[in-house]
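As structure tokens, the structure follows; a few thoughts come after it.
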Amino acid sequence: MLDIKMIRDQTDLVKNRLASRHAGDEAKIDEILALDDQRRTALTEVEQLKATRNKVSKEIGALMGQKKIAEADAKKAETKQIGDRISELDKTVESTESARNSKMLEIPNLPNEKVKIGKTAEDNPEIRVHGNKLDYSFKPKTHVELCEKLKLIDFARAAKISGSGYLLYTGWGARLERALIQFLLDLHTTEHGYTEVSPPFMVKAECMEGVGQFPKFKDQYYGIAVGDDTKELGKLYLIPTAETPVANIHREEILKESELPIYYCAYTPCFRGEAGAAGVGTRGMIRVHQFDKVELIKITKPEHGYEELEKLVTNAEKVLQLLGLHYRVIQLCTGDMGFASALTYDIEVWSPGQDQYLEVSSCSNCEDFQSRRMSLRYKTEAGENKFPHILNGSGTALARLFVSLIETHQQPDGSINIPAALQPYLKADKIPCPA
RNA sequence: GGAAGGGUGGCUGAGUGGUUGAAGGCACCUGACUCGAAAUCAGGCCUAGGAGCAAUCCUAGCGUGGGUUCAAAUCCCACCCCUUCCGCCA
């Protein structure tokens with residue numbers, strides 16, 4: 001969330017930057033300020049009353065010690081009334097504070113000043129392109145055709161057991177998925193210096209809130225119940241990305257400056273309701289309710305946040321380079337950025353079968369937006385507590401990577417060539433096409 | 001799920017309802033002593049919110065949330081977590 005002090009002191013700046021997202025959030029700022037003002041008025045008064053009560057209570061203690069019971073009783077009567085007023089004001093402070101905080105949780109992050117002002121994905125600037133679209137001597141098949149022909153995925157039976165939007169990997173398909181996970185984790189841990197973690201796949205609501213998924217996008221995620229116990233429903237949620245558990249690892253901690261930067265990478269499945277997205281690009285593996293992903297997370301000092309983001313993007317790109325895939329890097333404009341992000345690069349890999357680019361990685365610096373929400377700080381050498389920058393990036397999403405990989409490397413005979421970097425993991429140099 | 005025990009500052013560990021934000025110790029920081037270090041001595045050393053230009057002051061916090069009281073780490077209630085044992089289980 002945003003710093004309430006910044007909202008107070010630089011109101012116009014905050015409003016302008018929010019307005020650049022074209023989401024109408026700037027209108028909520030005045031409501032927040034009004035509540036904040038009410039809260040502080042009540043707080044100032046109640047704190048003065050409490051100071052008085054504390055003082056008198058001590059005097060009562062002293063009088064009791066001297067056995068001056070009558071005088072003590074007189075003072076008790078005096079503070080009794082103060083007590084009533086205090087509990088009244090305490091309620092005001094609490095209600096205005098909680099109303100203010102709820103509203104603040106719905107305000108997205110401010111775009112960094114480097115971000116291009118724009119409204120939609122049309123306005124996203126392209127940063128760089130790697131490789132180019134291959135010319136095929138035959139009409140390239142789509143990944144759906146390839147998966148069916150090579151029996152990599154059984155779409156029909158996945159739908160039978162779980163409904164639409166789920167994948168049943170089979171045979172070479174399952175092996176390829178597993179090989180990719182292993183390849184990605186090895187790359188990031190041994191080449192890029194990340195520490196591998198394997199987190200829970202279910203988290204508390206406060207973790208969802210910590211990274212910005214709650215409260216605004218609650219209807220996008222799966223809540224878990226034990227059996228039919230509805231009391232349990234809503235206590236835990238299936239993670240939509242490893243970012244959720246991993247970014248929260250150090251929540252409510254004060255790290256030492258010397259511990260930063262922290263680099264984590266994690267493989268997890270990701271669960272997304274995709275509410276409202278039905279029918280939009282839902283063919284095959286492009287948009288599903290469950291997919292695998294290797295995620296990269298960094299916790300850094302604010303002054304290093306952006307150079308670390310550049311490195312993170314490079315780390316994700318390395319995956320695509322090693323797999324021989326054509327891709328481009330774009331920067332999201334203000335109107336297209338996610339809720340928590342201050343600056344985001346998307347990496348889109350080319351899919352010959354779809355004849356379009358597919359987003360396989362989104363790398364963001366959320367600055368201190370998430371660390372404030374989860375109360376993660378670090379102590380500087382000077383003894384000051386500061387909020388670190390939290391960065392996340394896919395390194396990369398698997399389902400779409402799978403799509404691009406098999407479509408790109410398909411051969412005229414229907415088989416799929418495996419790039420050299422992946423061969424040791426799959427223990428094969430091609431996936432054969434059954435007759 | 002059942003039984004017992006336990007949750008106090010970075011760690012350890014006291015705490016009869018009333019100068020206890022919290023003794024003592026350890027660790028850490030600053031200064032003194034020293035050529036330097038160790039030892040010793042003096043001081044400092046949590047977090048959040050609010051007022052103030054500032055120095056500083058005030059409020060809150062002893063697992064969490066309620067309650068009793070003029071006053072709660074201390075009494076009452078509920079919940080959470082940890083340890084051990086039992087049950088169940090991949």
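Proteins come first, then strands; the chains are lettered A, B, ... in the order of their sequence lines, and each starts at number 1. Predicted model, so just to flag it, every value in this text is computed and none were measured.
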Taking the same atom, [atom1], in [N] and in [M], what whole-Å distance lies between them?
N      : M      : atom1 : result
B:rA32 : B:rA22 : C1'   : 30 Å
B:rU56 : B:rG44 : P     : 13 Å
B:rU59 : B:rG5  : C1'   : 36 Å
B:rG31 : B:rU12 : C1'   : 27 Å
B:rG61 : B:rG9  : P     : 15 Å
B:rU34 : B:rC28 : P     : 24 Å
B:rU20 : B:rU68 : P     : 27 Å
B:rG65 : B:rU74 : P     : 13 Å

Atom [atom1] of [X] and atom [atom2] of [N]: how far apart are they, to the nearest Å?
X        : N      : atom1 : atom2 : answer
A:Gln81  : B:rU69 : CD    : P     : 15 Å
A:Asp73  : B:rG18 : CG    : C1'   : 15 Å
A:Glu253 : B:rU47 : CD    : P     : 15 Å
A:Arg377 : B:rG10 : CZ    : C1'   : 14 Å
A:Leu89  : B:rC58 : CG    : C1'   : 16 Å
A:Glu252 : B:rC81 : CD    : P     : 15 Å
A:Asp90  : B:rG49 : CG    : C1'   : 13 Å
A:Leu43  : B:rA48 : CG    : P     : 16 Å

_Close aromatic pair by centroid cut-off 6.0 Å: A:Phe369 and A:Phe339_ = yes

*Any idea how A:His192 and A:Tyr194 line up, ring-wise: parallel (<30°), tilted (30 to 60°), or perpendicular (>60°)?*
perpendicular

Select base, sugar-phosphate, or nothing to describe what [X] touches, counting heavy atoms under 4.0 Å on all strands.
X        : value
A:Lys235 : nothing
A:Arg8   : sugar-phosphate
A:Ile254 : sugar-phosphate
A:Lys75  : nothing

Counting Watson-Crick and G-U wobble pairs only, both distances under 3.5 Å, name the nucleotide matched with [N], or none.
N      : answer
B:rA14 : none
B:rC85 : B:rG2
B:rG49 : B:rC58
B:rU34 : none
B:rA22 : none
B:rA73 : none
B:rG9  : none

Taking all atoms of both residues into account, what is the closest heavy-atom pair of [X] and [Y], and its distance?
X        : Y        : answer
A:Pro432 : A:Ser415 : CA-CB, 4.2 Å
A:Ile7   : A:Ile29  : CG2-CG2, 3.9 Å
A:Met1   : A:Arg372 : O-CD, 2.8 Å

*Closest-nucleotide ordering on RNA chain B, the 5'-leading residue of A:Arg39 and A:Thr79*: A:Arg39

_For a quick test of reading the model: is some side-chain N or O of A:Arg40 closer than 4.0 Å to OP1 or OP2 of B:rA51?_
yes

*Is the shortest side-chain N/O distance from A:Lys256 to OP1 or OP2 of B:rG10 below 4.0 Å?*
no

*Please say whether the positively charged group of A:Lys114, taken as NZ for Lys or CZ for Arg, lies over the ring of A:Tyr306, i.e. under 6.0 angstrom from the six-membered ring centre and within 45 degrees of the axis.*
yes

_Working for side-chain hydrogen bond (donor to acceptor under 3.5 Å, both in side chains), residues A:Glu196 and A:Tyr267_ = CA-CA 8 Å; A:Glu196 183 175 346; A:Tyr267 154 72; over 6 Å; no

*asked:* Applying the ring-ring contact (aromatic ring centres under 6.0 Å, His included) criterion to A:Tyr237, which one of A:Phe214, A:Phe217, A:Phe271 satisfies it?
replied: A:Phe214

*Given the rule in the side-chain hydrogen bond (donor to acceptor under 3.5 Å, both in side chains) test, do A:Ser362 and A:Asp346 qualify, once you have shown the distances and angles that lead to the verdict?*
CA-CA 4 Å; A:Ser362 189; A:Asp346 272 7; 2.8 Å; yes

_Contact list for RNA chain B against residues 46-62 of chain A - heavy-atom distance below 4.0 Å_ = A:Glu47, A:Lys50, A:Ala51, A:Arg53, A:Asn54, A:Ser57, A:Ile60, A:Gly61

